[in-house]
Structure formats: C-alpha cells, structure tokens
Amino acid sequence: MCGIVGYVGSEKSLEVLLGGLKRLEYRGYDSAGVAIVDAAGELHTVKRAGKLSVLADELAAHPMANGSTGIGHTRWATHGGPTDRNAHPHLGDDGRLAVIHNGIIENFAPLKDELLAEGFSFTSETDTEVAAVLLGREFRATGSLQEAFRRVVARLEGAFTLLALHQDEPGVVVGARRNSPLVIGLGDGENFLGSDVAAFVEHTRRAVAIGQDQIVTITPNEVKVTDFDGNAVEVEAFEVAWDAAASEKGGWSSFMAKEISEEPDAVANTLRGRVLDGRVVIPELEAFGDDVLAGIDRITIIACGTAAYAGQVGRYAIEKWSRVPVEVELSHEFRYRDPVITPTTLVISISQSGETMDTLMAVKYAREAGARAISVCNTQGATIPRESDAVVYTHAGPEVAVASTKAFVAQITALYLFGLHLARVRGSLSEADQAEYVAELLAIPAKISHVLESSESIAQLAKWMSDSRAVLFLGRHVGYPIALEGALKLKELAYIHAEGFAAGELKHGPIALIEAGQPVFVIVPSPRGSAEMHKKVVSNIQEIRARGARIIAIAEQGDAAVLPFADEVVPIPLAAPMFEPFLAVIPLQIFAMELATAKGLDVDQPRNLAKSVTVE
Ligand code: M6R
C-alpha cells in the first residue's frame, strides 16, 4: 500500500530516494517524505501531504542536506488522515532516528499506552510513530540500532515492512518484514531496500527477496539477513527481468495508455517458452508433478478486483478443457466461510503485485488446510509466489498505472495455458483440439494490435459520453466477467456509477434501471460459437432498446444481426468464442481511460486507491 525505499552508499541519497519514490508512487500517493543522515552525522527529515510532486516542490524551494544514508516513503493512509504530521518518516530518540512503515501494526494501542505511561509523547495519529518511539527507547537501552530494532519487531503484531536509520550509526539502514514486501538491491559500494524492485532497478538489477519474519541490515559493502531471533539466514539473489526503461512513461500521456499499448507483448511474452509443437508445457509446473496435477479433483481460484475477473474468465476455459470443476472466489470471502479443502484441492491465486494481503492470507489458509497452491503472478520475488507450491509468472512487465490492464490479459493467458497444460496431463482434450486452441492463443497478440489500431472511434465515443451519470455493461458466458471488468474500470477511473450484469439476469431485476438514453455496453458473443447464445444476447439488446437504452455493442466484425439494434458497434476481430475476452476488454479499457481523461482526471492515480493493497 505504501512505497518504501532505503539507501546506503555515496552522497546521493536524495536523488536515489526521490527516483525510487517516483517509481513506487503507484503504491500510494497521499503523502511522501524522506529522512537523510548528512556527512556531519545529522538527521534531516522533510515530509508533505499530497503527491510526490508536492514534496519535490518543497525540496526545490528549500533544498535539504544530502548524505550517504537515507529512507523515503510514499503513503496510502491507514491510521490517521493524509496530513503533513501523519506523513512518514516518523522520528524517535528525540529526532535522532527515523522510521518508515508499510502495513498496519495491530497492537499499536497498548504499545502507545505503555510509552505514554513512561512519559513519551507523540505528534501524529499513526501506528508507525509508536514503532519509532519504541525504537528510540530500545536504542537508548542497547546502544545498537540492530539490537534495538530486533527487540521492537519482536513486539509488533500485524503486517509491516519497517525501515529505520539512526544518526549515531551513519551508513546503516535496517529493515524487517512480516506479511508485507521488502526486497534488497545489491549494488557496488552501495545497497538498496525497496517495497519492490522498481525502487532501485535504475541502479541495479541484482535483487534478493526478504522472507517472512526476517530482518536485513545494509551498509555500503555488506548485506546481512537474520530471522527475528537474530539467526543468520541464507539468501539467494535473482536478476530482475526488466530494466528501468520498462517502468518509464516514455512518450505516452499516461502509464495506463502505455500499458494498454503493451498488451500484445504482455500476451506474447506470457506464452513464450510454454508452447511446444502445438502443445502446452509449463516448465514451472514440472516440479509439481503430473501425477499430482492429474489427481486434482477441484480447483478454487482466489483473487481480488480485476484479477478475480481474469479468474472468472479462466474458469470457463479450465473447466471446459480439463473437466475439473472450478470455482472462483474473492480471496477475502474464501477464508471466512470454512471452505471444503482436501489434499486434492488445487488453489490458484491470481495477483499482479503478488502482495495483495487478502489473497496472501487466503493462500496461507488454503495451504494450512492441506490444499496445493499455484500462484499466477506478475512480480518477481513477491510474497504470494513464495508462499505457494509453484508459480506461473505472467510476463507483462511492470504495471504502474493503478488500473490493471496488461496484467489482466496476461493473467487470462496464463490461466488458458494452465487449462491446456492440465488437459494434456489428464488426457481430456484431443491433440487436434489442443493444437487448435494453441493456435488461437498464438494469434491473440496480433488481433489485440488490430483492436488498438482501430480504437479512435471508442476514444471519440468516450468524449461524447463524458457527462454520463451511469453506464451499464452486459455479457454472457466469458463476456460476463468482461462486463464486470468494463464496469470496474469505469468506476475506478472516471468515478461514474457503472454496473456489470450477466445478460440473462437483466430481466430478473436490473432491467428496471433502463430509461431513455441509458448507455449500455453489450459484449456480444460470436455467432460462430453458440448460435443460441448469440440469438439470446441479440434478444436482450432488443429488450433494453425497446425501453430506450442507448446500445454500444462490442461485436465480431461482420455480425450483421446486431447492426439494426445498436446505436454504436465496436467491431473486434474474429476469434473462437473462448478467446473473445482478450479482444472485447480492450475497447472497454480505452473507453474508461478516455472518458476519465475527458473529465480531467488522473488516470494513473485515481482517488482513494493504491496499486498494491497490502492491508486486509
Ligand atoms: O495486485 P493484484 O492483482 O492482487 O490486485 C488486485 C486488485 O486490487 C486489482 O486488480 C484492482 O482491482 C485494480 N485496481 C483494478 O484495476
């Protein structure tokens, strides 16, 4: 939820911290701040409510001392509103140490009472300041930042990544994590810490993911990782698969526009290395064992938001191809309903960030109950893959805009690949069918490119519709989750009331919402698939049209049956019905982005949201 960066090395902390925060701002943008120990061994802190640009303006107007040791933070508020006082870093030991934090310290209230009773005082409403004041007390008692830090984290409950520095120990940053991410960047004479690799990828692509309940100490030439008891922990470095340019906006008007343009690559890169002679073999699943996969008798997909809609699309394909029953559940609902889990249950989690707390907790719960867990994830070194038995990475590249776009199509790609892999292992699809579906998948990137090239009309439509107060979305079968996703995109970006419905459900209630001029997007299934389903959706269109709705149909090129009833038709290339979601979702993403832009809204950083939701 918050973005965290730490640095030790040369006298350029401020540049490193601001660069890192800029790349992490997608994680939260309520306030930002930095703390730096200068060459004279003095701690300086600057923090401001608002986006990072407010802090940058403040630093430009009133430059702060630079130094070789620093920490920086960009916040998504939990405890205490987004004010200057509540912004991080928070200070302890009479302003000699600074702490930044991502997560929620659940037992902050009794700790605060304890410190108040001892005469300590607080300047903010945050849980983080409690950790800072506690750290100051323990530093006074031990004279060692590392030892004091170890004592503090041992007392904290909840989810946290904490970084701290003390002016009496320049050249040292300590960090710890529990249920919240922290990654080390290994440099030459300098080292980095970050919520994710984006924090430091500009400086180094060698990284180490910190495990659960571990503490790290970085100096310019050393990295030490221990558990919370102080025992040394072996770590393994990995190479970040993308470079700094991949997380830059380039010449695009927004990260979202850039990321939509990258959707053909997101699909192609996720397919790469997993298709062989018309069959799907996912190498990452080999360790899992074909016999184990073949014995799976139930699959539960867990995810949140857009990832859950990808799961709903994937469900149709996995179930149809493998003949294993698949259910899709929101992670936060799954855990609390006492689901039936057996050793032959497979749980597939989907998460772009790999850090969504609701999904992480659901994965842990499922594994503790005996299920096997596969993670579909876009972020190397993230927590959810580390807590799973296997991971199928989506290779969409870094997704910075808060609204998920390219990760969504990459997630569907990974799920379809999984469905074909499972079908092969179980022998539930003929070789010919496998080859046909593989060919359909391989053709998707070029078809998405085609949709992107002809998107001008949807951009125009969005401008015309920028005064709309409510927009409805209808779909059937795999078009249903696409309707839900189209509505979510519009809600989160344009702050317009939007609802997605299964087209067949309309007559059971929602049709009462239709009045003259009500815009309704309809995702029309291919007439070349189930002719009956196509006919039913065309009937649904007629029903709402008769009540005054304004119909925008997303339909296959040449679908003449829709033309007489639609006010607008957005044509998409021909694809087998199961593969339409890849194409139908693109105009909906563009529509939401363009409409939000027409309303003058920030499409990369919509209000109240953060890219990675690391609180429950
Ligand atoms: O990182 P995750 O994929 O786990 O995130 C899940 C949701 O929070 C995310 O998809 C959210 O719904 C997006 N803002 C949608 O655009």
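Counting starts at 1 for both ligands and their atoms, following the listed order. Nothing fancy with the numbering, it's 1 onward along the sequence.
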Exercise for the section: Evaluate the side chain to side chain contact (heavy atoms under 4.5 Å, CB included) criterion for residues Ile374 and Phe418: first the C-alpha distance (whole Å), next the side-chain angles of each, then the deciding distance (0.1 Å), finally the verdict. Expected result: CA-CA 10 Å; Ile374 291 178; Phe418 174 78; 3.8 Å; yes

Handout entry: Subset of ligand 1 atoms that lie under 4.0 Å from at least one heavy atom of Lys489
Key = 15 (C), 16 (O)

Practice task
Under 4.0 Å from a heavy atom of Gln352: give me the atoms of ligand 1 that qualify, with their elements.
Solution key: 1 (O), 2 (P), 3 (O), 4 (O)

Handout entry: Side chain proximity check, Phe238 to Val197, heavy atoms < 4.5 angstrom
Key = yes

Problem - Side-chain heavy atoms of Leu182 within contact of Ser195, under 4.5 Å - result: no

Exercise for the section: Could you tell me if any non-hydrogen atom of Thr359 lies under 4.0 Å from any atom of ligand 1? Expected result: no

Completion exercise
Within 4.0 Å of some non-hydrogen atom of Ser353, the atoms of ligand 1 are 1 (O), 2 (P), 4 (O)

Fill in the blank from the handout: Numbered in order shown, the ligand 1 atoms found under 4.0 Å of a heavy atom of Ser404 are 15 (C), 16 (O)

Practice task
For ligand 1, find out whether one of its N or O atoms is nearer than 3.5 Å to an N or O atom of Gly354.
Solution key: no

Completion exercise
Residues Ile301 and Arg315: closest non-hydrogen pair is CD1-N, 4.4 Å

Completion exercise
Note: ligand 1 atoms sitting under 4.0 Å from heavy atoms of Val402 are 13 (C), 14 (N), 16 (O)

Exercise for the section: May I ask you to list the atoms of ligand 1 that are less than 4.0 angstrom from any heavy atom of Cys304? Expected result: 6 (C), 7 (C), 10 (O)

Handout entry: Carboxylate-amine/guanidinium proximity below 4.0 Å for Glu368 and Lys364
Key = no

Problem - Ligand-residue contact atoms, ligand 1 with Ala403, heavy atoms, under 4.0 Å - result: 16 (O)

Exercise for the section: Please determine if Thr356 has a nitrogen or oxygen closer than 3.5 Å to a nitrogen or oxygen of ligand 1. Expected result: yes

Exercise for the section: Indicate, as side chain, backbone, both or neither, the part of Glu492 found under 4.0 angstrom from ligand 1 when only non-hydrogen atoms are considered. Expected result: side chain

Problem - Presence of salt bridge, Arg335 and Asp358, under 4.0 angstrom - result: no

Fill in the blank from the handout: With Ser404 as partner, the option from Glu259, Glu399, Lys611 fulfilling side chain to side chain donor-acceptor pair (under 3.5 Å) is Glu399

Practice task
Would you please indicate if the ring centroids of Tyr416 and Tyr437 are separated by under 6.0 Å?
Solution key: no

